[in-house]
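Model, not experiment: these values are computed from the prediction.
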Amino acid sequence: MAPPPPIAAHALLVFLLQVGLLLSAALLLGRLANRLRMPAVVGELFAGVLFGPTVLGHLAPHLSTWLLPHTAAQFHLLDAIGQIGVVLLVGVTGMEVDLGLVRRKGTVALRVGLAGLITPLAAGIAAGLAAPHSLLSESTDRATFAFFVGVAMCVSALPVIAKTLSDMDLLHRNIGQLTIAAGVVDDVIGWLLLSIVSAMATVGVRGGTVATSVALLAVAILVSATVARPLVRRALTRSQRSAENGPAIATTVLIIVLGAAATQAMGFEAALGAFLGGLVIGSVSTADLARLAPLRTIVMSVFAPLFFATAGLRVDLTVLTRTVPLLAAVAALLIAVAGKFAGAYLGALSSKLTRWEALALAGGMNARGVIQIVVATVGLRVGVLTTTTYTIAILVAITTSLMAPPTLRQAMPHILLTEEETERRRALSVFRGPLSSADSDSEAA
């Protein structure tokens, strides 16, 4: 059998222009966000909205159609590079997690994560049951729609949380580590619930479906903690024998990508496996983070901005010019913010954290970001959501992501910097590189 032909010249040209324009816009808007004392991820998210149907598609439809053709093959090229970006971003984040702190504060992370998940889940289901019939698709029943709304409300966005904390130089802080740990709790359970509600919308949910998902999740975590660690240690040790950084970086990317592929094959999101792979790499004593610093630079400077820019390309905020979708969007945003914020805040207070620590945790956990976009995309694909409800979900995702940085800026000056955090910052400096000007401002604050 003959191999498939290479990509057509025109398709390659369009793809290169897409990448160039999106990356340019993401970098420029990211710098603008920094000047406004907001993390770069805020501007990077808006880059996609700028080139999507909301702005370019509305102002210059012919140019938009040429630049972003509505063909799956062309659009999937951007999707592919975006997925590489999110996988590497989450993997790098996992490498920076202090597992020692997570072990000591695991109960706190679990309590905050569960409280921040159950409250918005219940509120979202209630909202779905009370939603106007015009918002439901013809192919789904109200119970499935309500459960899906609950799942969309309860998730947190680990990639957005990670990028926000990184942009604000807060990953070395205990609150940053706890936010990541609690976000993992939310995302793991959220992906499990997503698999269940997807089955409800397609083949119908059965006890075996739920049991299989739970068992596969347990296997993924167990294998990461046992079998994977010695294999990763051996692979990194051999790759680091070279005088060049290339073999160590390539091995690290391979571990993250294979971890992502494993959980994707299990029916979960690829980001879960990437995060587990990053955790294993960071926990291996032989890992030389200084040699992996170039990987972090390229991920944070190129792949992550591209990913966040591509996330907004399917958003069409013009549907909110109609009364019912606009009112539904406002109600969804209020319910999502109140449910997640109240749950995480009360969960933190019940764990004996201060009110400022609780505020910072709740603010970080409130960011839905691209995980909700993934959930909404699945809902659109299986017929649970319409274009209107999809856009409402995206609006909630972007708005809650924008709310996290100001909340963290308000809370963090009231949380004392500990000696442990300073030591962790020094240990990570070989991986993160010297403090940038933004980092220095954050550290001073």
Side-chain angles (χ1 to χ4, degrees), residues 7 11-34 38-57 64 66-69 71-95 157-167 249 252-253 256-257 260 264 269-271 274-275 278 293-315 367-374 376-377 394 397-398 401-402 433 436 438:
I7 183 173
L12 178 60
L13 170 64
V14 172
F15 172 68
L16 293 175
L17 287 175
Q18 289 172 336
V19 171
L21 289 174
L22 284 175
L23 184 58
S24 298
L27 294 177
L28 289 174
L29 293 178
R31 295 292 294 176
L32 177 61
N34 278 335
M38 301 189 74
V41 64
V42 173
E44 292 161 3
L45 281 168
F46 269 105
V49 176
L50 179 66
F51 283 100
T54 302
V55 180
L56 184 63
S64 176
W66 185 88
L67 183 62
L68 298 167
T71 57
Q74 185 73 60
F75 215 102
H76 287 171
L77 291 175
L78 271 181
D79 283 341
I81 197 170
Q83 287 304 309
I84 291 293
V86 72
V87 162
L88 293 178
L89 170 61
V90 175
V92 166
T93 302
M95 293 163 60
L158 189 59
V160 171
I161 293 172
K163 188 64 162 58
T164 299
L165 293 172
S166 177
D167 288 343
I249 291 175
T252 299
V253 172
I256 293 171
V257 170
Q264 183 74 30
E269 286 300 314
F275 184 78
L295 171 63
R296 186 185 188 280
T297 300
I298 196 71
V299 169
M300 293 298 184
S301 302
V302 178
F303 284 107
L306 270 175
F307 166 66
F308 288 114
T310 58
L313 290 177
R314 288 187 172 92
V315 178
R368 284 2 181 256
V370 292
I371 299 302
Q372 186 165 10
I373 292 174
V374 171
T377 302
I394 301 304
I398 293 177
S401 298
L402 296 180
S436 66

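You'll find the side chain of Phe308 reaches within 4.5 Å of the side chain of Leu89, heavy atoms only. Residues Val302 and Thr297 are not in side-chain contact: their nearest non-hydrogen atoms beyond the backbone lie 4.5 Å or more apart.
Applying the side-chain contact (heavy atoms from CB on, under 4.5 Å) test to Ala26 and every residue at least two apart in sequence or in another chain returns Glu44, Ala47, Pro305, Ala309. Taking Leu17 as the reference, Leu13, Trp66, Leu67 meet the side-chain contact (heavy atoms from CB on, under 4.5 Å) condition, with sequence neighbours excluded. Remark: Phe75 pairs with Asp79, Leu313, Arg314 by the side-chain contact (heavy atoms from CB on, under 4.5 Å) rule, at least two apart or across chains. Every side-chain contact (heavy atoms from CB on, under 4.5 Å) that Leu77 has, sequence neighbours left out, goes to Ile7, Phe15, Gln74.
The shortest non-hydrogen separation linking Leu78 to Val19 is CD2-CG2, 4.2 Å. In terms of heavy-atom proximity, Ala25 sits nearest to Phe51 at CB-CE1, 3.4 Å. Residue Ile249 comes nearest to Pro294 through the heavy atom pair CD1-CB, 3.9 Å, listed as atom of the first residue, atom of the second, then distance.
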task: Would you sort out whether Ile84 and Phe307 count as a side chain to side chain contact (heavy atoms under 4.5 Å, CB included), showing the intermediate values?
output: CA-CA 8 Å; Ile84 291 293; Phe307 166 66; over 6 Å; no
task: Would you please test Leu402 and Phe46 for side chain to side chain contact (heavy atoms under 4.5 Å, CB included) and show each step?
output: CA-CA 10 Å; Leu402 296 180; Phe46 269 105; 3.6 Å; yes
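Each of Ile256, Thr93, Leu88, Val253 was evaluated against Val299; a single residue qualifies, Leu88, per the side chain to side chain contact (heavy atoms under 4.5 Å, CB included) test.
Between the side chain of Ser301 and the backbone N or O of Ile298, no donor-acceptor pair lies under 3.5 Å.
With rounding to the nearest 0.5 angstrom, the OG1 atom of Thr310 is 7.5 Å from the CG atom of Leu22. Atom CG in Asn34 sits 11.5 Å away from atom CG in Leu29 (nearest 0.5 Å).
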